[in-house]
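Working notes, structure below.
What you see is a predicted model; the values in this text were computed from it and never measured.
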Amino acid sequence: MVLQDQDVSTSFFSANLKFLQFQVTWMQLISPCFWEEVCIILQLGFVGIILLPLVQKTASKTSRNIAAQASKDYPIVAKVSLSYRASIVCSSLMLCIHVLKLLMLLYSMNDTRCNSKLEAYSSEIVPVISWAVTIIVVCLVPKRKHIRFLWILRTWWAFSFFFSITSTVLDTYLKTEEHGYLKMIDYANFISLLPSFILLIISIRGKTGLIFIDSHNIAKPLISGKTDKDSNKKRGSPYGKATLFQLITFSWLNQLFSVGIKKTLEEDDIPDVDVKDSAEFSSFAFDQNLKQVRENDGSTNPSIYKAIFLFIRKKAAINAMFAVISAGASYVGPYLIDDFVNFLAEKKTRDIKSGYVLALAFLGAKMVETIAQRQWIFGARQLGLRLRASLISCIYKKGLVLSSPSRQSHTSGEIINYMSVDIQRFTDFIWYLNIIWMLPIQISLAIYILHTSLGLGSLAALAATLIVMSCNIPITRIQKRYQSKIMDAKDDRMKATSEVLRSMKTIKLQAWDSQFLHKLESLRKVEYKWLWKSLRLAATSAFIFWGSPTFISVVTFGACMLMGIQLTAGRVLSALATFRMLQDPIFNLPDLLSVIAQAKVSADRVASYLQEEEIQQEAVEHVPRDQTSFDVEVDNGKFSWDPESTNPTLNGVQLRVKRGMKVAICGAVGSGKSSLLSCILGEIEKLSGTVKVSGTKAYVPQSPWILTGNIRENILFGNPYDNNKYDRTVKACALTKDFELFACGDLTEIGERGINMSGGQKQRIQIARAVYQDADIYLLDDPFSAVDAHTGTQLFEDCLMGILKDKTVLYVTHQVEFLPAADIILVMQNGRIAQAGTFDELLKQNIGFGNLVGAHKKALESVVTVENSSKTCQDLGSDGESDTDLTSNAQQLQQKHGSDRLHPQEITENGGKLVQDEEREKGSIGKEVYWSYITTVKGGFLIPIILLAQSSFQVLQIASNYWMAWASPPTSETEPTLGMKFVLLVYSLLAVGSSLCVLVRAMLVAVTGLWTAQTLFINMLHSVLRAPMAFFDSTPAGRILNRASTDQSVLDLEMASRLGWCAFSIIQILGTIAVMSQVAWEVFVIFIPVTAICLWYQQYYIPTARELARLAGIQRAPILHHFAESLAGAAAIRAFDQENRFINANLGLIDNHSRPWFHNVSAMEWLSFRLNLLSNFVFAFSLVVLVSLPDGIINPSIAGLAVTYGINLNVQQASVIWNICNAENKMISVERILQYSNLASESALEIEECRPHNNWPEVGTICFRNLEIRYAEHLPSVLKNISCTFPGRKKIGVVGRTGSGKSTLIQAIFRIVEPREGSIIIDNVDICKIGLHDLRSRLSIIPQDPTMFEGTVRGNLDPLVQYSDNEVWEALDKCQLGEIVRAKEEKLDATVIENGENWSVGQRQLFCLGRALLKKSSILVLDEATASVDSATDGVIQKIIDQEFKDRTVVTIAHRIHTVIDSDLILVLSDGRVAEFESPAKLLEREDSLFSKLIREYSMRSKTFQQLKKSA
């Protein structure tokens, strides 16, 4: 019986190892002892290399003495790890095996083929010595405190594994060829494979895992390489501490799953990423690679491709090795099918043990494939994470140093797209990178297997494969072009979306909602067109993918018939299994080419951005303070925002500012005031001259830059909190009262861009930020424009002339009353310093400065005239009484409210936060989300057709394969029952039918998916644009942009196929089980419980994975939001030298996103590994059943078909669960988009039954009746019982302290907030009863914050294209912009960049006036409209308004009291109520009126500042 078993084993091995024959014969020809000689040489080399450093170290007596002394003083104990223990055990086992083999050899020389005793004995003595040396070296590792095993040791372990496996296979083959028996020495070879494989894994990992503990029991995990900063974190990294077994099985995630199943995962529950996966480590490594490339190439712009190659090469090589092993193992199954069918056909003559050995071979190959596959996929994801972190960091750092022209050529939306979409494509490419190595191996193995069974027929298969692959190449080229177009269209749409969100208030006030909605829809249409073309092409690719096995099999079988090669069942089934395996490389090639194309486009985009010009680091020379008495020196400076322009922005600048000087800068709008500050900061490009700065700088930009966070964080700006210094700063910046009014004081949360703060509050917060820095030089760009007269006075006295009295201050101002106190005044004109001197000196010169002062004097005289004309003119000298009244009045005014927009109760309830953490659903994704997605298009009527097409494909495919298996003879001796031509014809018809079903299905999925994505996008767009302003005040734009960008991309390109694959994979596995159960129904015995276990695993996995995916989605937005904020305030960040702090904050945000993302992809591998193991078990069980069944019960051909399908069972079973889980993760994007598709909406834009007549409002009478406004039901009223009437065609001034309700009243007129009670009636029409568009389009407003859109001058003035060019030119001339626009080459088509940043703030304000002049409404509202212009321009604007709107109603809110002094009526608001409403003259008659006090304060300012100057 034993003899028979040996014969069976021999026949099996000789049948399966034919491919070794040539190589073995070749070796035997060289020398019978060839293998022994190779073994001795290599092993002696290893021993020599390993002993050399040991001998050197032993010889060094000094080193030994020092080490001994150190160990005596500081005893260190090594805590051994599993990896280290395994290395010792396996090395010892290998030593024992070789000692045993040596003893056997001494006992009998017959066990070796070598005829030389010396070489035969040496071939075993040398390995014994080698393994003895190995054990010694491994034992020395703790003593030497090695973090990683020596490279030579790792090389030896890898070599020993490959040597063991090769020698075992060769010896076994030769024994079976010679019909010999396997002896004890051969079994020893088999046993040695296990320890050598474990040592191979340890060598790949490389880490010793040792933890060294000193005498104080302080653990130092040298392996992790973590810094002190990292070790202080609460969360550890289980991945970093994982053992080898845990790494293979992903069981290091078990703890996270045990938490996730018990409760909803929160951010703090997720462990840290390993230090090598952290953004800081990756960013540093990538920077080093860039530096290396820069040094090697000698170029200032290093190649990003070379840097990426250096960054990924080591990890990518390890991944490639696993990928190659996985690819090789996957082809063992198809190779053995022919043998298996032969075994079943010859079961009578074959021993059953050889069948079990075959089953074991199938299982072993599957296990190797599973482990290797999971490791390479996980490794690719991990490498993608590292590359993404490093590139995002690189893009962020570049954003902080972009020069102005570079910044203008890349909008925020574009740069954010680089960070979100392009970087994602990089990570996708890293995953596909391994397919490059796998493709040639897969195709080569497939052709080899076909060659062994079909001979020359394999050449036909190769030709057919190459034809199919070549068909994909033109498709990929076209796809690349489509991808590029999609990205361009997406950039344009995101840029426009970002702009619309940023300017939403202006759009609503101007009634431009529909226009901008149409613009976004038209941009989406362009994107949709390219998406459809791309998806249509992808559907064609899918048809080729599914049809390729059919085409190749028909060609191959046809060629075999022509060549006379007999097709037996075994050969056919082996070929069919191989064709199915070929599907992967064929399908992966177009995917690979497509991903390479996408990655190339993205890489080029990112590379061009990273090579953009940076700000000139050497533009400003920093001089030590002890070497000069001047803080700022500019010598013959020539500067330009546009270096290519012939007219520089600043020319001939000569400036020397002594330490402690106060320098005022004034001039007309667009004269170069802000540019002068920029040249000192180094922001503007220096063409010639020198700039020297001595000391630290603090900068306050003209447009307030406020970070999301609380007020204190904005003021501290990264500096430590000093209570006394902080209190002094807050007091000097007039913020004390504001803090008292906020429920959470200075811990009150600020909304995005400070949206919930008034303009004055934002300005004072950023002044406080500058003051707290305690810098040497202060550059203030028009800091008083946004604050009222009283606050401006306090700021100037307490801040500029108080806390900053010893500092060097350069301040731009349009308010002449702040000029006399300056040591020197610079008057800017056409980019030059036209005049310089003290206030008195400049007045004597009587040139340009006189015009500015003259305009101010006229304004002041108008105030004094009105004041003097009142019946009871008060003595202006009673300063003490006035101050007392003002103080008590300020307290009375500000008792309850700090801001029109900030509500204490709301903030208390929200813990000081206006902007809440992003909402996320918890628990499983509701069925209604799936149902909404599926039924979006026509109620889901296409879904059954798609499922029917896929089911038809599966049935026809099984039928075609079944037909071939049934019709082909089981062995070459058996005659076929049917003619092979007929067999092939039927097979071809069935196969073509199945392929057509796939084409129908692919096209329908593409149509339905894109149609659904478009519908959901339009729904979200309409919902967001129709949302009330309160939504935008409390929702950062990043959240909306994230949904419109990343989530929408998932819907456009992935969601339909992901959901489709759930159904398709279920249909596939049902087909496979049907085929397998037909021949071995016993499979159900094991399949049902295993399926139950799979479902349990899925249920266990889903809660954790779902929350990880949600958290990863939420953590993406803060990265983009922080980046957008940093880009907007890059100048301030650089001025305060805070680049490093912001870069570190960005790294922290990247890690916050990496943590859930990394653990989510790891969790997917955790599940896949377990499901693969279970399906391997099912497959092995089915093979054992087939082997065990008595002969004749089953048809060997059909059993072979079952095995053919069963080979893919593990992949299919895993893919079902994986697809379901992946679809659920992707469905989160649908959930997030649906969240914003059902937002509370504003009232209707138009109400047909209540439309006002065309010329309404005719007179412009505004009547308030018991008006009460509150921002939410649980909040107190902001306006209370407002009852008054603004007569038509009159000018009404609205005044009051900060927080009195002025802006809320304006918002109520435009219905930005709806009245809770009462009504507003304009010309006998209740505005709450008409549509919002009808109301807002008939009113005009010039807002406090001027907004301009990217495009042209004409497009900004007349976006609805309602007026002629002549009317536009007329408006431009009236608002003082005509000459400036005419000077530009493009005239009305002159470019306006993002935010209008190529125009000064004053010019932007004038453009807003131009819009109002064009609109010619009966009612005009001015909300601090002239705050950013100089007094002379202000006077001109007031004249224009008086002329153009003389017969219209003008409502003005102003800080400059002279702008409302000539109004017909003044409304004074206090605490949300009407305090006074009379003509200016009547209000001035009463000395206790609030208006009188404001006038008195304004008229006293010049006198006060003159006194300040004298006292200074």
Side-chain angles (χ1 to χ4, degrees), residues 83 197-198 200-202 204-205 238-240 242-254 256-257 273-274 277 315-333 362-386 427-428 430-435 437-438 441-442 581 584 588 1065 1090 1093-1094 1097-1098 1100-1101 1104-1105 1108 1157-1180 1207-1222 1225:
S83 180
F197 177 71
I198 293 170
L200 173 70
I201 301 296
I202 293 169
I204 290 168
R205 188 161 183 249
Y239 171 74
T243 62
L244 179 63
F245 177 77
Q246 288 174 328
L247 289 171
I248 292 171
T249 61
F250 298 93
S251 52
W252 54 270
L253 277 166
N254 289 352
L256 183 63
F257 278 109
V273 289
D274 187 34
D277 298 321
K315 182 73 176 168
I318 294 169
N319 291 346
M321 187 192 72
F322 280 122
V324 168
I325 291 170
S326 171
S330 67
Y331 278 87
V332 172
F362 272 111
L363 179 63
K366 277 290 164 198
M367 291 299 292
V368 171
E369 181 192 354
T370 295
I371 292 169
Q373 187 183 47
R374 298 277 62 89
Q375 288 302 319
W376 84 252
I377 290 175
F378 171 73
R381 300 286 189 205
Q382 189 180 30
L383 186 55
L385 172 84
R386 292 176 185 178
T427 54
D428 290 345
I430 294 298
W431 192 86
Y432 275 93
L433 188 64
N434 291 295
I435 292 165
W437 336 120
M438 290 168 72
I441 289 169
Q442 286 173 317
M581 299 301 285
D584 271 343
N588 285 333
S1065 54
V1090 166
I1093 296 168
C1094 287
Y1097 265 126
Q1098 186 213 0
Y1100 186 74
Y1101 159 85
T1104 302
L1108 287 170
W1157 189 89
F1158 172 76
H1159 287 92
N1160 188 29
V1161 297
S1162 304
M1164 210 171 277
E1165 296 310 311
W1166 179 93
L1167 179 69
S1168 298
F1169 179 78
R1170 280 148 182 77
L1171 297 182
N1172 282 352
L1173 285 185
L1174 288 167
S1175 51
N1176 289 347
F1177 180 55
V1178 172
F1179 179 54
I1207 284 172
N1208 287 333
L1209 184 66
N1210 67 322
V1211 178
Q1212 287 176 359
Q1213 195 167 10
S1215 74
V1216 168
I1217 305 298
W1218 192 83
N1219 281 321
I1220 290 169
C1221 298
N1222 205 13
N1225 285 348

* To do: Take Gln375 and Ile325, measure what side-chain contact (heavy atoms from CB on, under 4.5 Å) needs, and give me the verdict at the end.
  => CA-CA 11 Å; Gln375 288 302 319; Ile325 291 170; over 6 Å; no
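- Formation of a donor-acceptor pair under 3.5 Å by the Asn319 side chain with backbone atoms of Gly379 is found in this model.
- Ala316 and Asn434 get closest at one heavy-atom pair: O-OD1, 4.2 Å.
- Of the possible donor and acceptor atoms, none in the side chain of Gln382 sits under 3.5 Å from a partner among the backbone N and O of Ser1162.
- The minimum heavy-atom distance between Ala329 and Val368, with the atom names listed, is CB-CG1, 4.1 Å.
- In terms of heavy atoms, Asn254 sits closest to Tyr1100 at O-OH, 4.3 Å.
- A donor-acceptor distance shorter than 3.5 angstrom exists from the side chain of Thr370 to the backbone of Lys366, with no hydrogens or angles considered.
- Atom CG of Leu1167 sits about 11.0 Å away from atom OG1 of Thr1104, to the nearest 0.5 Å.
- Residue Gly384 comes nearest to Ile430 through the heavy atom pair N-CG2, 3.8 Å, listed as atom of the first residue, atom of the second, then distance.
- The CD atom of Gln246 lies 12.0 Å from the OH atom of Tyr239; values are rounded to the nearest 0.5 Å.
- Judged as a ring-ring contact (aromatic ring centres under 6.0 Å, His included), and not counting sequence neighbours, the contacts of Phe250 are Phe378.
- Remark: Phe322 CZ to Ile371 CD1 distance equals 9.5 Å, nearest 0.5 Å.
- Residues satisfying the side-chain hydrogen bond (donor to acceptor under 3.5 Å, both in side chains) test with Ser251, not counting sequence neighbours, are Thr249.
- With rounding to the nearest 0.5 angstrom, the CH2 atom of Trp1157 is 8.5 Å from the CG atom of Asn1160.
- To the nearest 0.5 Å, the span separating CG on Leu256 from CG on Leu1108 amounts to 5.5 Å.
- Residue Asp274 comes nearest to Gly240 through the heavy atom pair OD1-CA, 3.6 Å, listed as atom of the first residue, atom of the second, then distance.
- The ring-ring contact (aromatic ring centres under 6.0 Å, His included) search around Tyr1097 returns Trp1166, not counting sequence neighbours.
- Atom CE in Met1164 sits 14.0 Å away from atom NE2 in His1159 (nearest 0.5 Å).
- Relative ring orientation between Trp252 and Phe1158 is described as parallel, the plane-to-plane angle staying below 30° on a 0-90° scale split at 30° and 60°.
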